[in-house]
Amino acid sequence: MTYKEQLDYNRIPQHIAIIMDGNGRWAKAKGKQRGEGHIAGASTLHDTMMHAAQLGVKYVTVYAFSTENWTRPDEEVNGLMALLFEKLDLGIFMDNDIRFCVIGDTDRLPEKVRERMNYCISQSAGNQRGTLTVALSYSSKWELTRATKLIAEQVKEGKLAIDEITDKTIDEALCTSFMPDPDLLIRTGGETRLSNYLLWQCAYTELYFCDTYWPDFDEEALCKAIYTFQQRERRFGKTSEQIAEENSNR
Ligand code: IPE
Ligand code: IPE
Ligand code: MG
């Protein structure tokens, strides 16, 4: 039986975060340039968005380019920006009723990328079936620093008392305020680290690491990750017995 056939459709994660890693090694293994790995990776992103929507996943948040990725060779950075510009197609979001969002320090992106990106964001804002958020020029430390400044500003202006600051205040000051925390985080490409991605938001997220390079990540690989997630017990600090009782009272 396939993993897809074994899924419990009543327990599909609402939000999946993905670290799309392994494009470069995929290309190298095939004797190709790294850029070809990114092109193949863009196609995997398109397909994953479709599969996730079909499975009923409401939010998909992908790490496409980190703050640290700006330090890669100019040629690779420029190639990634050009690819982004080329692949940002409003039609895909409108045809599939998917809202497109971006999180990150987008001021650093080339202007023409930013313009096309903002156009897709505003035009797709009313779409309902699912939300694809792309983390671009993003890192958690950048985001948390920005949030801290926003909160400090509110305190300084007398709009917020220090005692009123709660974890919700921080949630709301993050770029991700419009989405629930991820239920499942998938990292492809074999590394078992978070690389500065959604550190606050993943406080209770189930982590799933697989060796598959991102361009080879297909529907069955996605279903395997979701199936693995469904075998786990999320306890949020409680005991197994408490969780069993809560489930029987549902
Ligand atoms: C992930 O693939 C995509 C980006 C970071 C832009 P990599 O480019 O990191 O691929 P590897 O890790 O070198 O294989
Ligand atoms: C993380 O991948 C960022 C993205 C997938 C966009 P990297 O390949 O840049 O991560 P590190 O530097 O190996 O941890
Ligand atoms: Mg990598």
Side-chain angles (χ1 to χ4, degrees), residues 15-49 51-52 59-88 100-110 112-114 116-117 131-146 174-176 179 182 184-202 205-218 221-222 225:
H15 182 182
I16 300 181
I18 307 179
I19 302 177
M20 309 184 291
D21 197 19
N23 293 350
R25 282 164 286 158
W26 178 89
K28 195 173 179 186
K30 290 189 146 39
K32 298 176 182 211
Q33 299 291 317
R34 292 180 61 85
E36 294 192 58
H38 296 314
I39 292 169
S43 152
T44 303
L45 172 55
H46 169 270
D47 295 350
T48 303
M49 178 182 89
H51 298 319
Y59 295 85
V60 174
T61 304
V62 297
Y63 207 5
F65 192 82
S66 70
T67 305
E68 289 77 16
N69 289 148
W70 286 114
T71 62
R72 290 194 180 188
D74 287 350
E75 189 192 341
E76 180 162 348
V77 171
N78 294 340
L80 279 164
M81 293 302 141
L83 182 64
L84 190 61
F85 182 74
E86 188 195 313
K87 296 289 173 188
L88 261 178
F100 172 71
C101 300
V102 172
I103 53 171
D105 188 4
T106 51
D107 289 349
R108 293 181 75 177
L109 298 171
K112 67 174 196 172
V113 170
R114 225 171 33 228
R116 187 172 281 193
M117 188 187 85
T131 298
L132 174 76
T133 302
V134 181
L136 276 174
S137 188
Y138 172 89
S139 73
S140 269
K141 289 195 176 186
W142 165 80
E143 182 189 37
L144 284 161
T145 306
R146 176 180 169 275
L174 297 175
C175 306
T176 51
M179 57 171 86
L184 168 65
L185 177 131
I186 299 170
R187 183 174 186 144
T188 63
E191 309 295 355
T192 45
R193 56 178 172 253
L194 294 177
S195 303
N196 221 346
Y197 192 46
L198 301 177
L199 301 182
W200 171 273
Q201 298 86 340
C202 286
T205 299
E206 294 297 327
L207 308 181
Y208 177 86
F209 299 98
C210 65
D211 289 335
T212 311
Y213 293 142
W214 175 247
D216 290 330
F217 189 81
D218 58 10
L222 175 66

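What you see is a predicted model, and the numbers here were worked out from it, not measured in a lab. In each ligand, atom 1 is the first atom listed, and ligand 1 is the first ligand listed.
No side-chain donor-acceptor contact under 3.5 Å links Arg34 to the backbone of Ala27. With Thr176 contributing its side chain and Met179 its backbone, the two residues share no donor-acceptor pair below 3.5 Å. Looking at Asp216, its side chain never comes within 3.5 Å of a backbone N or O of Thr212 through a donor-acceptor pair. Side chain of Arg114 to backbone of Leu109: a donor-acceptor contact under 3.5 angstrom is found. Looking only at distances, no side-chain donor or acceptor of Thr44 sits under 3.5 Å from a matching main-chain atom of Phe217.
Contacts with ligand 1 closer than 4.0 Å are made by no heavy atom of Lys28, backbone or side chain.
Residues Glu75 and Gln33 bring no donor and acceptor atom of their side chains to less than 3.5 Å of each other.
By the 30° and 60° cut-offs, the orientation of the rings of Tyr138 relative to Tyr63 is perpendicular.
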Filter the ligand 2-protein atom pairs down to N or O on both sides and distance under 3.5 Å, then list them.
unit_1: ligand 2; atom_1: 8 (O); unit_2: Asp21; atom_2: OD1; d: 3.1
unit_1: ligand 2; atom_1: 8 (O); unit_2: Arg72; atom_2: NH2; d: 3.3
unit_1: ligand 2; atom_1: 9 (O); unit_2: Asn69; atom_2: ND2; d: 2.9
unit_1: ligand 2; atom_1: 9 (O); unit_2: Arg72; atom_2: NH2; d: 3.3
unit_1: ligand 2; atom_1: 10 (O); unit_2: Arg187; atom_2: NH2; d: 3.3
unit_1: ligand 2; atom_1: 13 (O); unit_2: Arg193; atom_2: NH2; d: 2.8
unit_1: ligand 2; atom_1: 14 (O); unit_2: Arg193; atom_2: NE; d: 2.6
unit_1: ligand 2; atom_1: 14 (O); unit_2: Arg193; atom_2: NH2; d: 3.4
unit_1: ligand 2; atom_1: 14 (O); unit_2: Ser195; atom_2: OG; d: 2.6

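Legend: protein N/O/S atoms lying under 2.8 Å from the Mg ion (ligand 3), waters omitted, number 1.
Within ligand 1, counting atoms from 1 as listed, the ones closer than 4.0 Å to a heavy atom of His38 are 3 (C), 6 (C), 8 (O).
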Mind running side chain to side chain donor-acceptor pair (under 3.5 Å) on Trp70 and Ser137 for me, showing each step along the way?
CA-CA 8 Å; Trp70 286 114; Ser137 188; 2.8 Å; yes
Could you walk me through whether Trp142 and Asn196 pass the side-chain contact (heavy atoms from CB on, under 4.5 Å) test, one step at a time?
CA-CA 9 Å; Trp142 165 80; Asn196 221 346; over 6 Å; no
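Distances between N or O atoms of Trp26 and those of ligand 1 include no value under 3.5 Å.
Rounding to the nearest 0.5 Å places CG of Leu198 at 8.0 Å from CD1 of Ile19.
Pairing each heavy atom of Asp21 with each of Arg25, the nearest pair is OD2-NH2, 3.3 Å.
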